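Throughout, a chain's letter reflects where its sequence line sits, starting with A, and its residues are numbered from 1. Please read these numbers as outputs of a predicted model, since none were measured by experiment.
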Number of protein chains: 2
Amino acid sequence: MNEKVTIYDIAKKLKTSAATVSRALNNNPNISESMRQLVFETAKKMNYKQNKLALALKSGKSNNVGVIVPYIDRSFFSSIIRGIEDELYPRGYRVIISQTHETEQKEIDTINMLLNAQVDGILMSVSKFTATNSHFKRVLDNNIPLVFFDRRYKMKGVSSVVIDDFQGGFDATNHLIKLGCKHIAHISGDMSLEIYRNRYEGYKTAIEDAGLEFNPTYVIESKNDIEAGQTAVDFLLNLETPPNAIFSSSDYVALGVIQKLKERGFNVPQDFCVVGFSNEPFTKFMELTMSTVDQCTVEMGKMAALVFLEQVKNSKIKIEKKVQLSPQLIIRGSSSKKL
Amino acid sequence: MNEKVTIYDIAKKLKTSAATVSRALNNNPNISESMRQLVFETAKKMNYKQNKLALALKSGKSNNVGVIVPYIDRSFFSSIIRGIEDELYPRGYRVIISQTHETEQKEIDTINMLLNAQVDGILMSVSKFTATNSHFKRVLDNNIPLVFFDRRYKMKGVSSVVIDDFQGGFDATNHLIKLGCKHIAHISGDMSLEIYRNRYEGYKTAIEDAGLEFNPTYVIESKNDIEAGQTAVDFLLNLETPPNAIFSSSDYVALGVIQKLKERGFNVPQDFCVVGFSNEPFTKFMELTMSTVDQCTVEMGKMAALVFLEQVKNSKIKIEKKVQLSPQLIIRGSSSKKL
DNA sequence: TTGTAGGCGTTATCAG
DNA sequence: CTGATAACGCCTACAA
């Protein structure tokens, strides 16, 4: 029933021109106050809605930003997106979400679609299996801001927001050392990924700084799931000198670790301390709550949004901003013994 | 460096017209094969990207759909969104996300923005505090499909996808009855919300169908958090005839229930059975895993997307589709005793 | 202060 | 088969 009403319709009813209506609506100074009032009233009366599409075509700015993540239903990513949306919505930007399902092909497709859709910026976390970067270059060539968060692809001209994984690994390990643990093992994710290498480096540095012996057999590279944690424990406990603490770069692995430890009769944290990484929601709902490292996800999202906004503001200057947020060690039941 | 290339640029280079280029690119039959080839090649060579904005303005279809949820970082909503995106992306739709933070004002604002942005449809879960419906009417007046999922506002002409909350409540309670529990309490969320009333009705019906006595003092209305569960247990255990099982319409409340029960020396599930609702991720990571009712969130998202697509296809007919998905009772540790 | 005209990039219509 | 032209809705010189 409600056919779309345009500024022409308003102009016709007011026996004036579309230009006048446009000026009135945009609070252009060169217009009489009476006319402005009149236009506003009839616009409201006729239920006029500005067509942002036309505006976008004209101005070249869509006021849409694309956000690309592997999966939106991982708490880590959804809370980053929350931060982004919270920050960008009040500034009039709409957030377009896409998932890559961790495949490079979908990442490429998605970027092409977003480019076609004339987004004003792309904020993304790189898919695990991305090996090429020409699609990122294309974004840059089109002169639209590209901001990586968490997982980045190292290249020139791109800003990124990550947490200080080294610091996180260091803090977690150091906490275990302070608790009196002398034999601390580390279960890492895929070391070909920067984030896991950095957490590992933090671990190693903490060990060495404390004058403890670094033992390479205490370092296990594994998948990020519960089973991997269980398997790792079985392996570690069979060593000649088994560890009495574990820092895991994944909360899921840490969960498997705790399960297996209990199964084998250990008391956590009295006999054995465990610290995970990510502050997944479940870590605080467990019977024995888990110590972990919080990655400030909402904060990370907000920061990514702010970096984007800054680039938009200074569109002439090419900024390459690297923001590194400090992770937050959260001490809970799995590593709280007092010695 | 890479200035935007349009079909005019291609036409110029090929000394032909934009119309021809457009036809070639769109595989219009009225064009010579040689021309088509030539256009495709040079388009690729010049790195041409179709401007979807212009197309959208021309066609009136933006190929964007708006999705509105209270908060994107709740696992319930993010996995619905995942379902929506998975379904819509391959069909060329992009998904615009916004959060209402459970306020009606932001819901209204968001709908206005999305309308201005000429979205082709709106899929949403109504904010808890929404009391009016004129913004929904506006969507309908603009003739764009509106699909509610989970929380709906009862009104004519709007499709919705919900789960059968009655069934969920019934199944959960019936499961407890079959386990031999005779005194089953129910902790409900805000009864002014349809979903909680329905779960309650399911509970009540199961009790009565089994020939057990329905006891109104066993029904508690509370907030959806851990503390509320703890408080409720304290209250229930002080009754003359305390219950020996609880069906909670929230997993968080159920978690508080289990915590408090253990604190007071009960063994779950031997002395006391508990079933929650929602299948929050943490329920399967707890030491004592929790029985709950899964709401098929990804499925719900997919279904909402399909209902939208159907409405787009038959745009002349006004469809008002009510889809009700069956919830899935998941039996885990907190209610698994054999009698 | 107001109106006219042109253009943003496409596609559709109508001639040729 | 191909080319000009109008139109989608808006903004903005430029002219009046």
Residue met sooner reading DNA chain D from 5', once B:Ser34 and A:Leu57 are mapped to nucleotides: B:Ser34
If you find the nucleotide of DNA chain D closest to B:Thr20 and the one closest to A:Arg23, which residue's nucleotide is nearer the 5' end? B:Thr20
In whole Å, I'd like the distance from the [atom1] atom of [X] to the [atom2] atom of [N].
X	N	atom1	atom2	value
B:Asn27	C:dA12	CG	P	13 Å
A:Lys4	D:dA7	NZ	P	19 Å
B:Asn116	D:dG9	CG	P	14 Å
A:Asp9	D:dC8	CG	P	10 Å
A:Leu53	D:dC11	CG	P	13 Å
B:Leu25	C:dG9	CG	C1'	12 Å
B:Arg36	D:dT2	CZ	C1'	14 Å
B:Asn30	C:dA15	CG	C1'	14 Å

Using a cut-off of strictly less than 4.0 Å, decide whether [X] has a side-chain nitrogen or oxygen near OP1 or OP2 of [N].
X	N	result
B:Tyr8	C:dT11	no
A:Gln50	D:dC11	yes
B:Thr16	D:dG3	yes
A:Ser17	C:dT4	no
B:Asn26	C:dT11	yes

Select base, sugar-phosphate, or nothing to describe what [X] touches, counting heavy atoms under 4.0 Å on all strands.
X	value
B:Ile7	base
B:Ser32	sugar-phosphate
A:Asn51	sugar-phosphate
B:Lys52	nothing
A:Asn28	nothing
A:Ile31	sugar-phosphate

Sidechain-backbone polar pair: B:Arg151 side chain, B:Ser125 backbone, donor-acceptor under 3.5 Å: no
Determine, using ring centers only, whether B:Phe77 and B:Tyr71 are less than 6.0 Å apart. no
For this output row, return yes or no: ring centroids of A:Tyr153 and A:Phe136 closer than 6.0 angstrom. yes
May I ask you to establish whether B:Lys13 and B:Tyr8 are in a cation-pi arrangement, using a distance under 6.0 Å from NZ or CZ to the six-membered ring centre and at most 45° from the ring axis? no
Closer than 4.0 angstrom, basic N to acidic O: yes or no for A:Lys321 and A:Glu310? yes
Answer yes when A:Glu87 and A:Arg82 have at least one side-chain N-carboxylate O distance shorter than 4.0 Å, and no when they do not. no
Among C:dG9, C:dG7, C:dG3, the one nearest any side-chain atom of A:Lys58 is C:dG7
